[in-house]
There are 2 protein chains.
Amino acid sequence: MDDNSTRGRSSRSTGSARLTDVARVAGVAPMTVSRALNRPELVSESTRLRVQRAVLETGYVPNRVAGALASSRSRLVALLVPTVAHSLFAEVVQTVMGVLAPQGYQVLLGLTGYTPEQEETILETVLSRRPDGIVLTGCRHSALTRQRLLSAKVPLVEIWDMSDDPVDMLVGFSHEAVGRAVAEHLLARGYRRFGLISADDSRGRRRVAGFIGGLEGAGEGTYQLREVGTPSSMPWGRGMGAELLDSHSLDAIVCSSDILALGVLAEAQSRGLAVPDRLAIMGFGDSSYAGASFPALSTVRIDGAAIGLRAAEHLLQRMAQPTFERAGQSQDVGFEIIDRDTT
Amino acid sequence: MDDNSTRGRSSRSTGSARLTDVARVAGVAPMTVSRALNRPELVSESTRLRVQRAVLETGYVPNRVAGALASSRSRLVALLVPTVAHSLFAEVVQTVMGVLAPQGYQVLLGLTGYTPEQEETILETVLSRRPDGIVLTGCRHSALTRQRLLSAKVPLVEIWDMSDDPVDMLVGFSHEAVGRAVAEHLLARGYRRFGLISADDSRGRRRVAGFIGGLEGAGEGTYQLREVGTPSSMPWGRGMGAELLDSHSLDAIVCSSDILALGVLAEAQSRGLAVPDRLAIMGFGDSSYAGASFPALSTVRIDGAAIGLRAAEHLLQRMAQPTFERAGQSQDVGFEIIDRDTT
DNA sequence: ATACAAACTGATTGCGCTAACATTTCCTTG
DNA sequence: CAAGGAAATGTTAGCGCAATCAGTTTGTAT
């Protein structure tokens with residue numbers, strides 16, 4: 001009579017149908033309803049149908065918060081990226097979600113900006129949701145972040161970077177190698193006086209360092225470096241391009257993103273500078289618009305979709321395992337220099 | 001002796017520190033720890049500090065899954081957009097999260113593609129997480145979706161569109177009005193023979209319908225319509241632009257996104273067609289790169305940031321209210337035709 | 001019929017936390 | 001210094017679900 005299966009009894013109840021309500025309507029035990037919904041293969045055809053009808057009749061919407069607490073499985077994956085306003089990261093988000101959604105995982109998105117402090121704060125709140133897996137952009141974490149990741153015992157994929165000691169799994173590419181390769185490539189094509197425009201984030205800086213290392217290794221070439229704020233944009237590129245061209249005589253400008261490069265291209269065109277004869281321009285990322293600008297932008301192709309895909313697959317595989325065990329595997333997806341018409 | 005505050009007792013426990021562990025170390029009741037962490041103003045300075053130390057000592061990470069179940073507040077907001085691969089939606093995501101994160105809300109991201117079926121599926125799983133609020137792109141939902149939204153009793157903001165009967169709150173603009181305004185604007189500038197390139201989604205189609213309505217209202221102008229798949233990209237624009245220019249004599253091409261317009265621009269430039277004298281080009285969205293292309297792209301400015309900002313603010317306001325009550329308010333943020341150098 | 005396994009269903013318990021109410025401690029103020 | 005109230009802390013009882021194990025039914029071989 002005073003049992004809990006009657007509506008509106010407890011002042012704390014939310015008022016919507018629960019598993020017990022469905023069970024009562026279907027004339028079975030709550031546990032059977034749970035099974036009918038989550039592991040239908042364990043239930044007979046007839047009960048499955050009765051439960052199905054009862055769900056429709058009651059308008060039951062499962063409460064996965066309670067489910068997660070009871071089973072210690074949240075079916076939630078945290079995805080931490082610096083921003084989605086950059087098409088490369090948007091591509092990663094898109095791909096990761098495309099792989100995870102069909103497997104029944106939902107995504108908790110976190111934007112870390114480009115600072116370790118924000119990463120730290122966001123990771124803390126993210127961990128409190130007890131996600132089943134984490135995809136985290138970058139490998140350079142604060143000590144506290146790293147310690148939290150280690151003690152969390154959650155499958156983790158770090159992406160977008162290479163590291164000698166990944167926390168768990170890793171899918172990325174080497175930013176230094178990109179810079180070095182671009183330097184060697186442009187030197188080989190005869191360019192010598194370089195302008196560098198980089199966003200002021202750590203990975204952009206590592207590409208710059210790689211580029212400078214490449215010049216030094218070859219013993220050739222000079223450079224002028226300019227940093228711009230995040231997020232990168234065409235106006236930033238155009239403005240910095242103008243500043244570099246005003247004050248220096250340059251053969252080529254290398255940018256830390258395609259969007260900056262398009263800004264430089266616009267500036268060159270407005271000055272009537274022939275590209276690439278008077279000025280070569282190099283982007284980074286191979287965004288969708290890079291291949292179709294006029295002239296088509298030379299750039300470094302990063303396969304964000306491949307990174308997202310592999311990260312998600314690694315995660316799925318690990319989340320399917322009953323026991324937690326770090327993998328410690330790294331995967332370098334590399335990059336490709338795309339020589340179009342601006343170099 | 002057999003109490004539950006001893007580690008490793010229950011086989012169902014997760015093994016990490018709980019509130020009771022912190023309480024034991026701090027020498028206070030569990031409830032006091034809860035208060036010290038969530039409502040510190042209710043706790044004396046000295047206990048707050050003792051709890052703080054105990055948290056550090058035990059390495060306690062709150063379990064918000066349990067917290068949400070107990071309090072019926074998930075501090076989760078579901079954000080449903082068609083894609084993040086489009087800069088306008090990425091901007092909305094970025095802004096919404098920027099507003100909500102400082103208020104302690106986390107975002108559950110859902111990608112609905114451009115189909116009502118996916119929206120339906122995703123909404124179902126999203127509702128099972130009991131979010132405190134929902135931001136949903138678009139106003140044309142399936143009957144089931146609408147019914148679920150109505151019975152969910154969750155604050156909801158529909159964005160990116162206008163509607164006569166919003167489910168709850170609404171922040172958007174009229175796609176028909178955009179189409180009509182663009183038609184009138186271009187007719188006024190003397191263009192008559194139009195090519196239209198639109199993505200095959202419902203909102204793009206409504207802008208096309210508005211454009212055609214504008215031509216018919218004025219009794220002037222002819223048009224050729226082409227639809228492209230989603231997601232839009234420069235190659236799509238360039239290809240469709242080439243097809244239109246090959247088969248028709250046109251004054252202007254109107255695109256359903258800036259990225260398509262840049263593709264058309266590239267095609268025009270590669271053909272040596274003077275823009276805008278021989279061919280005018282109009283984009284949509286005013287993405288970051290639109291203003292800095294050469295020549296600078298004319299487009300329709302949609303303030304994604306404003307939409308995201310207001311949607312988030314409305315939601316916060318509603319989530320702060322103790323009782324659930326539909327608002328039924330709409331807000332039209334409008335749009336602006338930006339006349340740059342391609343018209 | 002009987003034994004035995006396999007398939008299915010049910011009862012109990014607890015996941016980790018907070019709402020609600022009860023109690024204690026501290027501080028005014030006449 | 002007693003009375004009264006505010007501030008601080010504690011106790012109890014779930015939130016809604018699934019793990020676990022116990023029980024029941026069904027099918028199959030003897």
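Here is the naming used below: chain letters follow the sequence lines, and residue numbers restart at 1 for every chain. Heavy-atom basis, side chains included; hydrogens, waters and symmetry copies ignored.
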Point to revise | Length of the CZ-C1' vector between Arg18(B) and dC15(C), whole Å | key: 10 Å
Practice item. Could you check whether Ala29(A) gets within reach of a base, just the sugar-phosphate, or nothing at all, counting any heavy atom under 4.0 Å? Key: sugar-phosphate
Point to revise | Side chains of Tyr105(A) and Met97(A) in contact at under 4.5 Å (non-hydrogen atoms) | key: no
Point to revise | N/O (side chain, Ser44(B)) to phosphate O (OP1/OP2, dT9(D)) under 4.0 Å | key: yes
Check your understanding: Does Ser34(A) put a side-chain nitrogen or oxygen below 4.0 Å from OP1 or OP2 of dC17(D)?
Key -> no
**Study point:** Spacing between Glu41(B) atom CD and dA8(D) atom P, to the nearest angstrom
**Key:** 10 Å
Exercise for review: May I ask you to evaluate whether Ser13(A) reaches the phosphate of dG14(D), defined as a side-chain N or O under 4.0 Å from OP1 or OP2?
Suggested key: no
Exercise for review: Check whether any side-chain N or O of Arg140(B) sits under 3.5 Å from a backbone N or O of Ser163(B) as a donor-acceptor pair, and report yes or no.
Suggested key: no
Check your understanding: Taking the side chain of Ser71(A) as its heavy atoms from C-beta onward, which of dC15(D), dA19(D), dT9(C) lies nearest to it?
Key -> dA19(D)
Check your understanding: Could you state the CG-P distance from Leu42(B) to dA20(C), rounded to the nearest angstrom?
Key -> 14 Å
Review point. Taking the nucleotide of DNA chain D with the closest heavy atom to each, which residue, Ala68(A) or Arg35(B), is nearer the 5' end?
Key: Arg35(B)
Point to revise | Atom-pair distance (CZ on Arg129(B); C1' on dC17(D)), nearest Å | key: 13 Å
Practice item. Tell me, please, whether Phe324(B) has Arg318(B) positioned over its six-membered ring: NZ or CZ under 6.0 Å from the ring centre and within 45 degrees of its axis? Key: yes
Review point. Would Ile122(B) and Leu80(B) satisfy side-chain contact (heavy atoms from CB on, under 4.5 Å), going step by step from the backbone distance to the final call?
Key: CA-CA 8 Å; Ile122(B) 288 172; Leu80(B) 271 52; 4.2 Å; yes
Check your understanding: Base, sugar-phosphate alone, or nothing: which one does Thr47(A) contact when heavy atoms must sit under 4.0 Å apart?
Key -> sugar-phosphate
Review point. Can you tell which of dA18(D), dG16(D), dC17(D) lies closest to the side chain of Asn38(A)?
Key: dA18(D)
**Study point:** N/O donor-acceptor pair under 3.5 Å between Glu158(A) side chain and Val167(A) backbone
**Key:** yes
Review point. So what does Leu19(A) hit on the nucleic acid, given a heavy-atom distance under 4.0 Å: a base, only sugar-phosphate, or nothing?
Key: sugar-phosphate
**Study point:** Test side-chain contact (heavy atoms from CB on, under 4.5 Å) applied to Glu313(A) and Leu309(A), step by step
**Key:** CA-CA 6 Å; Glu313(A) 282 172 348; Leu309(A) 185 69; 4.0 Å; yes
Check your understanding: Rounding to a whole Å, what distance do you find between Leu69(A):CG and dG14(D):C1'?
Key -> 12 Å
Exercise for review: Kindly indicate whether the side chain of Val93(A), heavy atoms from C-beta on, has any atom under 4.5 Å from the side chain of Val81(A).
Suggested key: yes
Review point. Base, sugar-phosphate, or nothing for Val65(A), non-hydrogen atoms under 4.0 angstrom?
Key: nothing
Review point. Does a side-chain heavy-atom distance below 4.5 Å link Leu76(A) with Leu108(B)?
Key: yes
Point to revise | Stem list, DNA chain C (Watson-Crick or G-U pairing under 3.5 Å, at least 3 consecutive pairs) | key: C:1-30 with D:1-30
Review point. In whole angstrom, what separates Met31(B)'s CE from dT23(C)'s C1'?
Key: 15 Å
Check your understanding: Within the pair Thr14(A) and dG16(D), is there a side-chain N or O less than 4.0 Å away from OP1 or OP2?
Key -> yes
Exercise for review: Would you mind classifying the nucleic acid contact of Arg64(B) as base, sugar-phosphate or nothing, using non-hydrogen atoms under 4.0 angstrom?
Suggested key: nothing
Exercise for review: Could you state the atom-to-atom distance from CZ of Arg130(B) to P of dG16(D) in whole Å?
Suggested key: 9 Å
Point to revise | Pair of N/O donor and acceptor under 3.5 Å linking dT18(C) base with Arg12(A) side chain | key: yes
Point to revise | Integer-rounded Å distance: dC17(C) P and Asn63(A) CG | key: 17 Å
Check your understanding: Would you say dG10(D) has OP1 or OP2 under 4.0 Å from some side-chain N or O of Thr32(B)?
Key -> yes
